[in-house]
Amino acid sequence: MTVEAFNTEHTVALTLASSGLELDVWDEYVITLDMLSPGASFTFALWYSRDRATAWEVLRRSVKVGDSVVLSIDGAPQLNGRIDTIETDADGHGARMMTVTGRDLAGVALDFDADPTINVVGLRLEDALRRVFASVNVPFRMTTADAAREVTTKRASRRTTAVEAAVTSPPVLIPPPTQPSIVALGIASPLGRLVGIRVDPISLTPIEDLTAAGRAAQRSAAAEASRIRARLRAARNKSVIVDEAHPKPGERVWHFAEAIVCRLGMRLWVAPDAANGVTVVADRPDDSQEPTFAFNRVLTDGVNTSPSNNVLKGKESISIRGVPTSVSVYTNTSRGDTTAGRSRAIVQNTRLADDVVTRGFVLRPTPLQPRYIRSERSRVPQRSEQEGERIITDAMASFRTYTATVRGHGQRVDGVDRLFAINTTARVVDSVCSDPDGNALDEVMLMTRVEFRRARVAGTGGSGTQTTVNLVPLGAIDLTPTQT
């Protein structure tokens, strides 16, 4: 794999859904995509102009709170959102500015309630989620992690790829047929993964022992494997039968939908949709893929001497705040001290004792940080253990992270320009973030958050265009199914 930076000048478009007007007078933007925190935000600062297509008078007439927008970078859609706030100000010299902020369409589902009269028990997952999101009148589609990644990483407008076509649902209601149970579909138990695998140093040079035809054959085989995997995952995810009945009064749309998906051992996040609806990804993070990007910071005696270094700022964070050392789950009782041992499941967080996970930065023995939980659903010890595992897994998702800031919004991978995207993997090499034995951080990690930022800085040649990404170790994000 060859990885290099490409031109840091990108075409960023903010289009109003109500009128189709594309705003072309932005002075600064910040676009955040996050697969762990729904409601991704965006901010555009629009300046005063009389000669651009969106002159100041046009802005004042056209930009409305509540209007839907589509954000794209180099023709690849990144976010479907809704304008929440419009601010207008001017400095002492009369220079006027309009700042538009909002969130993706999950923001509406986060703020407002699901209809408590709906019943989704016995429906396929896709149909159940469509009915839930109808509570806030948001057009709904469901897709997989593979297809969402294809949409956001590829530059320029293009036809729908085979992966997208195979897995993205049309915006129509499909009558639920009789479907197999979650156990029969083979996702009743979590996938075993190795966390924090150390890999060989990155090579940014072409592979010489492969001809052009050989590399083309490799890419073709990988594309076919991706299409097969996408079809299988789409059929599996959409066809699972939901056993949840209905939301409680006052329960938010996103919270109820997320609870359904989490019980099936999957995670819920949002992907862009050119049809101005919300495309929901209900899937597991795909950290089995080969690394797409590379982030490098290798210093010699504190000096940057490597031409492959591309990290402007890099930071590794390791934190046990909120991470339990053990979780005790009690069944059918309100007080732990009146519970027999057979009604309690104790799950230990063994990951804190694994140097592959902690890189040797956790004290041994680890100070006790217990949690005691009363289960609302569990009736058997196995179910209680699953709930305990889920609590530990959720806490460990942010235990160790790496944050990198680089120029531009993507990299050229094997000659193809690819935009940074959540749910993609990258190889990270950082000699500054060494372990206690002096070994550099060197591993493949999963990208969970991307922040695109641009400010018009005169004379910088595009250096005002930067991206900050958050990454976690492979296997750090996992979910234990609790629906049987």
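Quick note: numbers below take in every heavy atom, side chains included, and nothing from hydrogens, waters or symmetry partners.
By the 4.5 Å heavy-atom criterion applied to side chains, Val406 and Phe295 are counted as neighbours. Residues Val30 and Phe42 fail the side-chain proximity criterion, which asks for heavy atoms closer than 4.5 Å. Counting only heavy atoms from C-beta outward, the side chains of Leu105 and Arg82 approach each other to under 4.5 Å. In this structure, Leu446 and Ile477 have side chains that are in contact, with non-hydrogen atoms separated by less than 4.5 Å. Considering only heavy atoms from C-beta on, Ile118 comes within 4.5 Å of Asp115 through its side chain. Contact of the Asp89 side chain with the Arg96 side chain is not registered, since no non-hydrogen atoms from C-beta on lie closer than 4.5 Å. Looking at Thr292 and Phe420, their side chains never come closer than 4.5 Å, going by heavy atoms from C-beta outward. Looking at Val298 and Val429, their side chains come closer than 4.5 Å, going by heavy atoms from C-beta outward.
Closest non-hydrogen pair, Trp254 versus Pro38, comes out as NE1-CG, 3.4 Å. Closest non-hydrogen pair, Phe293 versus Ala421, comes out as CE1-N, 4.4 Å. Of all heavy-atom pairs spanning Leu79 and Thr32, the tightest one is CD1-O, 4.0 Å. Between Ala17 and Asp67, the shortest heavy-atom contact is N-OD1, 3.9 Å. Here the closest non-hydrogen pair linking Ala294 and Gln411 is O-NE2, 2.8 Å. Contact detail for Thr425 and Glu290: the closest heavy-atom pair is OG1-O, 3.1 Å.
Applying the side chain to side chain contact (heavy atoms under 4.5 Å, CB included) test between Tyr402 and each of Val469, Leu471, Val472 identifies Leu471 as the sole match.
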> Given the rule in the side-chain hydrogen bond (donor to acceptor under 3.5 Å, both in side chains) test, do Asn309 and Asn304 qualify, once you have shown the distances and angles that lead to the verdict?
Replying inline: CA-CA 8 Å; Asn309 286 347; Asn304 180 3; 2.5 Å; yes
> What's the verdict on salt bridge (Lys or Arg N to Asp or Glu O under 4.0 Å) for Arg390 and Asp394, showing C-alpha distance, side-chain angles and the deciding distance?
Replying inline: CA-CA 6 Å; Arg390 179 184 57 79; Asp394 287 349; 3.6 Å; yes
>> Determine whether Asp283 and Arg267 satisfy the following criterion, salt bridge (Lys or Arg N to Asp or Glu O under 4.0 Å), listing intermediate values before the conclusion.
In response: CA-CA 6 Å; Asp283 208 341; Arg267 186 173 285 275; over 6 Å; no
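A cation-pi contact, defined as under 6.0 Å to the ring centre and within 45° of the axis, is absent between Arg454 and Tyr29.
In this structure, Met445 CE and Arg427 CZ are separated by 13.0 Å, a value rounded to the nearest 0.5 Å. Note: Cys433 SG to Arg297 CZ = 5.5 Å, rounded to the nearest 0.5 Å. Considering CG of Asn80 and OG1 of Thr279, their distance stands at 7.0 Å, rounded to 0.5 Å. With values rounded to the nearest 0.5 angstrom, Ile83 atom CD1 is found 6.5 Å from Leu14 atom CG. Between atom CD of residue Glu316 and atom OG1 of residue Thr401 there is a gap of 8.0 Å, rounded to the nearest 0.5 Å. Note that the CE atom of Met447 and the CG atom of Asn470 stand 10.0 Å from one another [nearest 0.5 Å].
Side chain of His409 to backbone of Ile73: no donor-acceptor contact under 3.5 angstrom is found. Put simply, the side chain of Arg141 never gets that close to the backbone of Val280: no donor and acceptor are under 3.5 Å apart. No donor-acceptor pair closer than 3.5 Å links the side chain of Glu87 to the backbone N or O of Thr85. Side-chain atoms of Trp26 do not come within 3.5 Å of backbone N or O of Leu46 as any donor-acceptor pair. Judged purely by atom type and a 3.5 angstrom limit, Asn310 uses its side chain to pair as donor or acceptor with the backbone of Asn296. The main-chain N or O of Leu441 is never found under 3.5 Å from a side-chain atom of Asp430 such that the two would form a donor-acceptor pair. Formation of a donor-acceptor pair under 3.5 Å by the Ser62 side chain with backbone atoms of Leu59 is not found in this model.
Using a cutoff of 4.0 Å between basic side-chain nitrogens and carboxylate oxygens, Glu57 and Arg50 are scored as salt-bridged.
Judged by distance alone, the side chains of Asp74 and His10 do bring a donor and an acceptor atom under 3.5 Å apart. In summary, the side chains of Thr101 and Thr43 do not present any donor paired with an acceptor at a separation below 3.5 Å, with no hydrogens or angles considered.
Note on ring orientation: taking the six-membered ring where Trp is involved, the planes of Tyr48 and Trp56 are tilted (angle from 30° to 60°).
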